[in-house]
Novice: 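Handing you a structure now.
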Amino acid sequence: MACLLAASPYTFPLQPHNLDSNSTEKSTEEWLFSSLKSPKTPTQLKTLHAHIIKTNFTQNDLVFGQLLLCCSISNSMHYASRIFAKIHHPKLFFYNAMVKGYSETGAHQEAIQIYSLMRSRSVFCDSFTFPVVLRSISSLGMIGVGEELHGLVMKTGFDARVIVQTALIDMYCACGLPNSARLIFDRIPDRDVICWNTMIAGYIKCGKFSKARELFERSPVKNVSSWNTLVDMYCKCGDIEIARQLFDEMPEKDIISWNAMISGYAKIGECEAARRLFEQMPKRNVVSWNVLITCYVHKRQFSDALELFRMMQVSDVKPNEVTVVSVIPACAHLGALDLGQWIHAYINRNRIKMDVYVNTSLIDMYGKCGSVEEARGVFDNAKVKDTFLCNTMIEVLAMHGRAEEAFGIFMYMRSGGFKPNDVTFIGLLKACSHVGMVDTGVKYFRMMKEEFGLTPKVEHFGCMVDLLGRAGHLQEARELIKNMPMEPTSIVWGALLSACRIHGNVKLAEEVALHLLDLEPQSCGNYVLLSNIYSKAGRFDEAVELRKMMKEKGVKKKPGCSSIEVNHVVNEFFAGDRAHPQCKEIYEQLEKMVKRLKAEGYVPCITSALHDVDMDEKEQTLVHHSEKLAVAFGLLSTDHRTPIRIVKNLRVCDDCHIFMKMVSKYYDRQMVVRDCSRFHHFSDGSCSCSDYW
DNA sequence: CTAGGGTTAG
């Protein structure tokens, strides 16, 4: 993992002092024009802008329009719009540059606004304007604007241009009207390959696969793209065999053909097949890497994904914003904060575009790695915000029990015009349940229906059961399940069972467990939970009985696994694991810790041990729980002031929770433990969850 | 025209 640090430095070709050269105006203009073709920092844009004005290049629309375009590739459309707003009589080229800039940065709404501005100022659009605007219309599916534009195109005589007609075909298909598109298609006398391919792709977008195939067969002008389109189609509709057949028999392949096929395997989770093709392909580009990395992330093979990212760094392909969006969730799941922070710095160092996707994944990563402050920092600095980004921030705050701040984000959404969706409310309800705000939760549950017209899904009922149950309203929670409009899932019952554990209600737990064991008889978590409820109530016989039942049904206990990151290396520990190279030291350290804490009054809480064994052995099993191994390792290998951050795949058990509290006190260490449902921040003998988890 | 990206209940 240390190799990740070997990133190549990226120096910017244009430094501001270069602008003071004494070259003649003519060559400066050429130089200026060419230098406007690569991305610039805001300061560089400003300097260039001043330079253009000073040398009167405003007269030359090519240079000025290029500046506006340069703003867009520099991710500075807001700067472009400021410049644009100051121009009294923009030339057509400036409008076009603005429309193109917005369209290419995904600001389709703004692109269409510029188009409307042109219409209201009676500026005549040209054959450059139409396809670009049509692209934005397609993205937004604004069929009304599209049809109006269609009429305009016919009036202005641009309808003779294949390129404009093709854009119209694409627009109609994107708006779900393939038949209207086909009418245009059939009337075009000089159809080229792109035109044919657009119509084929249009059918695919509308789900008309057989029509697409039919047209492909009829097309007299097939090129690689036509084949690629079809290969991609079969990958998307799950017919990987046919896709592969086409891939194998196509007359020539380009990099896209390979990527499409690899992506097909990636989509169905066939990492190995994807990997084989990846290794076979003659040349790889950034997309090839991204597809494969994403495939591993989706298969939850996070370490493999990170390993690929590392390999990519030493290859000749530079990672881009899509790459980091694929890699960051791997850090999030592993709880690898250092690595996540490193990638964040890497993004800045390499001028990778910080778009809304990157920011969302960063917020999620910081949250899941226990650093709410950094998550908040990314949120506040994000230039573009959307519903996803806000939802993620709410979810992070909820996870850490910071309900009021989560509500604050929700208020921000409402005032900023970001439409809350069903996920928003999952976050809000979760925030309420972690701090026991029952009334507020009920308020949000009502609000989502009454004010936002969102129908609660089973997920929302799950949150509500959790909210009521945790707060001790077990019967109300039970009633809610009875009255749900849909069948309760195992997760809903699971929420109630957890609540029974917190409040020690064995009777209800038994009823709930019946449903659970019926729904998912092979899931070990339910047996463990019920067994712990029995043990806690002193009913050990029943706990043992349950253990037997597990054995009979062949249910394997999922091994507990905790990971801790030290020096960019993620160290994984399983319960009783002896695989770590420093195993001996770790076990010695753990023994010392137990001794010391026992002297301070620690009594192992053996009810947490499920195993049907004698007392001593129970204690041994407890001592070797994965999170204890991770803590011992953390104490051994980190500086006194470094907080120990641990990620666990299961719920923390009672004993480990007590143990952690005592370690935080007697070893004077901050500890942040993420279990499968929330965070525990241990400090000076207590936990942020107030023993309510 | 064709390949890659973000949030979600125990």
Side-chain angles (χ1 to χ4, degrees), chain A residues 166-167 169-170 173 192-202 204-205 223-233 235-236 254-264 266-267 285-295 297 320-329 332 355-365 367-368 386-396 398 421-427 429-430 433 456-467 469-470 489-499 501 512 516 523 525-526 529 651 675-678 693:
Chain A
T166 306
I169 291 173
D170 185 50
C173 290
D192 59 5
V193 209
I194 297 180
C195 187
W196 277 92
N197 290 351
T198 306
M199 194 61 235
I200 294 170
I204 297 173
K205 270 181 211 148
N223 62 4
V224 205
S225 305
S226 330
W227 286 84
N228 290 345
T229 306
L230 222 64
V231 167
D232 180 51
M233 173 184 93
C235 287
K236 280 197 176 116
D254 62 6
I255 204 156
I256 295 179
S257 331
W258 287 88
N259 288 345
M261 198 60 231
I262 293 174
S263 154
K267 275 196 190 75
N285 66 6
V286 64
V287 177
S288 329
W289 286 93
N290 293 348
V291 174
L292 202 60
I293 292 175
T294 314
C295 183
V297 173
N320 64 4
E321 65 278 4
V322 179
T323 318
V324 297
V325 171
S326 313
V327 173
I328 293 170
D355 63 18
V356 63
Y357 288 86
V358 174
N359 283 322
T360 306
S361 63
L362 280 173
I363 293 170
D364 181 56
M365 181 276 293
K368 289 207 174 99
D386 69 2
T387 302
F388 265 60
L389 187 103
C390 295
N391 287 352
T392 307
M393 192 65 236
I394 290 176
E395 157 68 21
V396 164
N421 61 15
D422 54 329
V423 180
T424 315
F425 285 94
I426 289 175
L429 293 176
K430 202 166 153 184
S433 88
K457 295 188 186 167
V458 65
E459 286 90 340
H460 301 93
F461 282 95
C463 290
M464 288 306 286
V465 168
D466 185 47
L467 172 71
R470 272 174 199 271
T489 59
S490 60
I491 293 180
V492 177
W493 288 116
L496 190 54
L497 190 62
S498 296
R501 188 199 72 93
V512 173
L516 269 170
S523 161
N526 303 323
L529 203 51
R651 198 178 269 273
D675 73 9
C676 61
S677 77
R678 61 169 300 156
W693 85 93

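Letters A, B, ... are given to chains in the order of the sequence lines, protein chains preceding strands, and every chain is numbered from 1.
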Novice: Base contacts versus sugar-phosphate-only contacts with protein, heavy atoms under 4.0 Å: please encode nucleotides 1-6 of chain B as B, S and - from 5' to 3'.
Specialist: BBBBBB
Novice: Please report, rounded to the nearest Å, how far the C1' atom of B:dT8 is from the CD1 atom of A:I491.
Specialist: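 Checked: the CD1 to C1' distance equals 10 Å.
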Novice: With rounding to the nearest 0.5 Å, note down the distance linking CG in A:D170 to CG in A:N197.
Specialist: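 So the CG of A:D170 and the CG of A:N197 are separated by 12.0 Å.
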Novice: Taking only residues two or more places apart in sequence, or in another chain, which ones meet A:S498 in a side chain to side chain donor-acceptor pair (under 3.5 Å)?
Specialist: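 Per chain and number, A:S498 pairs via side chain to side chain donor-acceptor pair (under 3.5 Å) with A:R651.
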Novice: What's A:V324 touching, base or sugar-phosphate or nothing? Going by heavy atoms closer than 4.0 Å.
Specialist: nothing
Novice: In whole Å, what is the span from the CZ atom of A:F461 to the C1' atom of B:dA9?
Specialist: 12 Å
Novice: Identify, with sequence neighbours excluded, every residue that meets side-chain contact (heavy atoms from CB on, under 4.5 Å) alongside A:A499.
Specialist: A:L474
Novice: Separation of A:L516 atom CG from B:dA9 atom C1', in whole Å?
Specialist: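 So the two atoms are 14 Å apart, to the nearest Å.
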Novice: Which whole-number value in Å describes the distance from A:N359 CG to B:dT7 C1'?
Specialist: 14 Å
Novice: Return the value, rounded to whole Å, for the distance between atom NE2 of A:H460 and atom P of B:dT7.
Specialist: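 Taking atom P of B:dT7 as the reference, NE2 of A:H460 is at 16 Å.
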Novice: Mind running side-chain hydrogen bond (donor to acceptor under 3.5 Å, both in side chains) on A:S226 and A:N223 for me, showing each step along the way?
Specialist: CA-CA 5 Å; A:S226 330; A:N223 62 4; 2.8 Å; yes
Novice: If I take atom CG in residue A:L429 and atom P in nucleotide B:dT7, what distance separates them, rounded to the nearest angstrom?
Specialist: 20 Å
Novice: Whole Å only: how far is the CZ atom of A:F425 from the P atom of B:dA9?
Specialist: 17 Å
Novice: What does A:N526 touch in the nucleic acid at a heavy-atom separation under 4.0 angstrom: a base, only the sugar-phosphate, or nothing?
Specialist: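 Base contact - A:N526 has a heavy atom under 4.0 Å of at least one base atom.
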Novice: Can you find a side-chain donor-acceptor pair between A:D364 and A:S361 that sits under 3.5 Å?
Specialist: no
Novice: Return yes if some donor-acceptor pair links the side-chain N/O of A:N421 with the main-chain N/O of A:T424 below 3.5 Å, else return no.
Specialist: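 At least one qualifying donor-acceptor pair exists.
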